[in-house]
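Just so you know, ligand 1 is whichever comes first in the structure, and atom 1 is the first atom listed for that ligand. Bear in mind that the values here come from a model prediction, so they are computed numbers and not experimental data.
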Amino acid sequence: MIQFLLNNEMIQLTKFVPNMSILDWLRTNMGKVGSKEGCATGDCGACTVVIGDLINGQWHYKSINGCLMLLGNLHGKHLLTVEALTTKPNPSLEQLHPVQRAMVECHGSQCGFCTPGFIMSLFALYMSHKSYPGREAVIQALGGNLCRCTGYEPILKAAEKCFSYPDNDQSNIAHKDHRFSQQVAVLTTNLEKALADNEIPTVSLDGENQQFYLPQSLKQLCELKANNPQAQFVAGATDLSVEFSQLINQKQQLISVRYCSELMVFEESEQGLEIGAALPYSEFIDKFCHIYPEAHELFERLGSLQVRNAGSLGGSIANASPIGDPAPLLIALDAQLKLQSIRGERLIPIDEFFLDYRKAQLAEDEVIVSIHVPKRQETFKLSCHKISKRIEDDISAVCLVLSYQLENEKMQQVKCAMGGMAATPALAKNVAAALNGQAFNLDTLQTAASKIAEDFQPLSDVRASSTYRLQVTKNLFDRIWYQSAGQIQSLSVNLQSTSAIQTRINHASL
Ligand SMILES: Cc1cc2nc3c(=O)[nH]c(=O)nc-3n(C[C@H](O)[C@H](O)[C@H](O)COP(=O)(O)OP(=O)(O)OC[C@H]3O[C@@H](n4cnc5c(N)ncnc54)[C@H](O)[C@@H]3O)c2cc1C
Ligand code: FES
Ligand code: FES
């Protein structure tokens, strides 16, 4: 049985189809049709719902795509849908939730199809801030929500206005939202008790050999996988659910890696960083970027906030996609993967992990437990670049991450890791050889960049042509130089003026 809270209700489920998304369940099983389905691939945000994680007795809320997250991964969580925000029929303006009231007052909705998604993204922002966090935070929060008819400026104004209404109750469970406080406090206590008594929750659909497993230790997880070799792991399901909805590639048995504490760690030690393979991006980006601020833009541009609230490094690496953004970064950082099965544990350098297009050195019974990143040296330099058609919520055409040690003004141990240039994320070895032992200057960078065609003969596809990929990579070496010389800023510094939302605002105002 899985147990979770849905708005002000306790839900206990013993039967459901393993690959059922939260959105399908809400709309088809619960008759809650406020959350909309636009794309079913995480691209439009119409399905956005808010999920609470219970940490030390306190709920922490975040937005996610209901079309991607799987129902089984709701175990122990609090799901909030747009229906919960205003429960009174025909409410007055003052009876609406502050984010809804602000959207009405600022004229933030026209056809209204996107509106529940915007409301829920704004609601998550509202729940996690005591006052207006500024335009850049709002743009980040709304980066995964598309609106085709209103235009974004009224929505951005609503995001500011919702924080301006009087709020008399700051002491409640949902930070500042008294609508959930009393009932949810009682339900939370009940849920905590139920979870404490729980064994491994295994949910099955009668007689059809369908299971959704939620192992809570690495040992249980490896045993389950060994006993059910056909079962597939699932973390945030931001990749897997797209397979379910687009390729109609259904799975009979899924093993969630999200309830296994060994896969959810983030530890910093003298040896470096240990990042749990199942930890959602948004739970480690800030800590990671405290050590590697150069990677901030890469993470900030990985999908949308909803995707980063769900997706994980383990999911990205296991997918072995040539265009996943984390792999080039981790290759340039000399990361190692910890893999585990009932046969034991092994460590493998990430640059040896990828074998061919979406093929990796991961045995059928193995799980990725964590990613080890060696401790940063004082002489270590890093430069990360993503080329995509849109700034936010877009997959890379090319990703380049350059790392080196700067010793006696010479570049040493150079690594130039690239995505989008071959069947796997890979090192540009000729480029690196041309940089090794050289001074860091524009001439050296341009000479090395000219070797790129010796390393890669990229494909032409919908994202970019082969010629474009080679040329833009050469240009990136110029950017590396001008950025280091302080002559151009990184995109994230300029986010407010260059973001996709801002671009759409500019278009809308033409
Ligand atoms: C709208 C949208 C935008 C996106 N934008 C980007 C982007 O800009 N950049 C980018 O890099 N990616 C992007 N992605 C892809 C995706 O979000 C990432 O690849 C993410 O990291 C996948 O993690 P997950 O936890 O959701 O994986 P899941 O979907 O849960 O799993 C993916 C695969 O990995 C396997 N798996 C999961 N965890 C483990 C484990 N611990 N051990 C072994 N196997 C495992 C699963 O069986 C499955 O085959 C986007 C996706 C969407 C839907
Ligand atoms: S329906 Fe479009 S993101 Fe979920
Ligand atoms: S109001 Fe119509 S799509 Fe946003």
Give me the ring orientation class for His97 and Phe123: parallel if the planes are under 30° apart, tilted from 30 to 60°, perpendicular past 60°.
-> perpendicular

Going by the angle between their ring planes, with limits at 30° and 60°, are Phe299 and Phe288 parallel, tilted or perpendicular?
-> perpendicular

With a 3.5 Å distance limit and no angle check, can you tell me whether [X] reaches the backbone of [Y] through a side-chain donor-acceptor pair?
X      : Y      : result
Asn145 : Gly117 : yes
Asn228 : Leu224 : yes
Ser460 : Ser465 : no
Ser128 : Leu125 : yes
His78  : Leu6   : no
Asn73  : Ala235 : yes
Ser396 : Cys399 : no
Thr424 : Ala426 : no
Asn65  : Thr48  : no
Thr150 : Gln110 : yes

Given [options], which one has a non-hydrogen atom that is nearest to [atom]?
atom                    : options                        : result
atom 17 (O) of ligand 1 : Thr41, Ile255, Leu221, Thr238  : Thr238
atom 52 (C) of ligand 1 : Val307, Val369, Ile368, Leu329 : Val307
atom 29 (O) of ligand 1 : Leu240, Leu339, Ile323         : Leu240
atom 4 (C) of ligand 1  : Ala310, Gly303, Ala360         : Gly303
atom 25 (O) of ligand 1 : Ser388, Ser312, Cys399         : Ser312
atom 39 (C) of ligand 1 : Gly314, Ala277, Ala320         : Gly314

Salt bridge present between [X] and [Y] (N-O < 4.0 angstrom):
X      : Y      : answer
Arg469 : Asp461 : yes
Arg135 : Glu153 : yes
Asp394 : Lys386 : no
Lys225 : Glu366 : no
Glu262 : Lys219 : no
Glu105 : Lys161 : yes

Output yes when the distance from some N or O of ligand 1 to some N or O of [X] is under 3.5 Å, and no in every other case.
X      : result
Phe233 : yes
Ala235 : yes
Tyr281 : yes
Asp325 : yes
Gly236 : yes
Ala318 : no

Heavy atom of the protein closest to [atom] (residue, atom name, distance):
atom                    : result
atom 12 (N) of ligand 1 : Leu302 CD2, 4.0 Å
atom 38 (N) of ligand 1 : Gly315 N, 3.7 Å
atom 3 (C) of ligand 1  : Asp393 OD1, 3.5 Å
atom 1 (C) of ligand 1  : Gly42 O, 3.1 Å
atom 48 (C) of ligand 1 : Gln232 NE2, 3.7 Å
atom 15 (C) of ligand 1 : Asp239 OD1, 3.3 Å
atom 28 (P) of ligand 1 : Ala237 N, 3.5 Å

Under 2.8 Å: N/O/S of Cys147 next to atom 2 (Fe) of ligand 3 = no

Test item, [X] contacting ligand 1 (heavy atom, 4.0 angstrom):
X      : result
Leu68  : yes
Lys386 : yes
Asp394 : yes
Arg301 : yes
Ala278 : no
Ser321 : no

Can Leu279 and Val265 be said to form a side chain to side chain contact (heavy atoms under 4.5 Å, CB included), step by step?
-> CA-CA 7 Å; Leu279 195 65; Val265 297; over 6 Å; no

Contact region, Asp43 to ligand 2, non-hydrogen atoms below 4.0 Å, reads backbone

Numbered atoms and elements of ligand 3 in range of [X], under 4.0 angstrom, heavy atoms:
X      : result
Gly112 : 1 (S), 2 (Fe)
Thr150 : 1 (S)
Cys114 : 1 (S), 3 (S), 4 (Fe)

Contact atoms of ligand 2, heavy-atom distance to [X] under 4.0 Å:
X     : value
Gly45 : 2 (Fe), 3 (S)
Cys47 : 1 (S), 3 (S), 4 (Fe)
Gly42 : 3 (S)
Ala40 : 1 (S), 2 (Fe)
Asn65 : 3 (S)

Ring centre gap for His75 and Phe4 strictly below 6.0 Å = no

Run the numbers on Leu330 and Phe353 for side chain to side chain contact (heavy atoms under 4.5 Å, CB included), then give the verdict.
-> CA-CA 11 Å; Leu330 295 171; Phe353 183 71; over 6 Å; no

At atom 2 (Fe) of ligand 3, what angle lies between atom SG of Cys111 and atom SG of Cys149, rounded to 10 degrees?
-> 110°

Strictly under 2.8 Å, is any N, O or S atom of Cys39 next to atom 2 (Fe) of ligand 2?
-> yes

N, O or S atom of Cys44 closer to atom 2 (Fe) of ligand 2 than 2.8 Å | yes

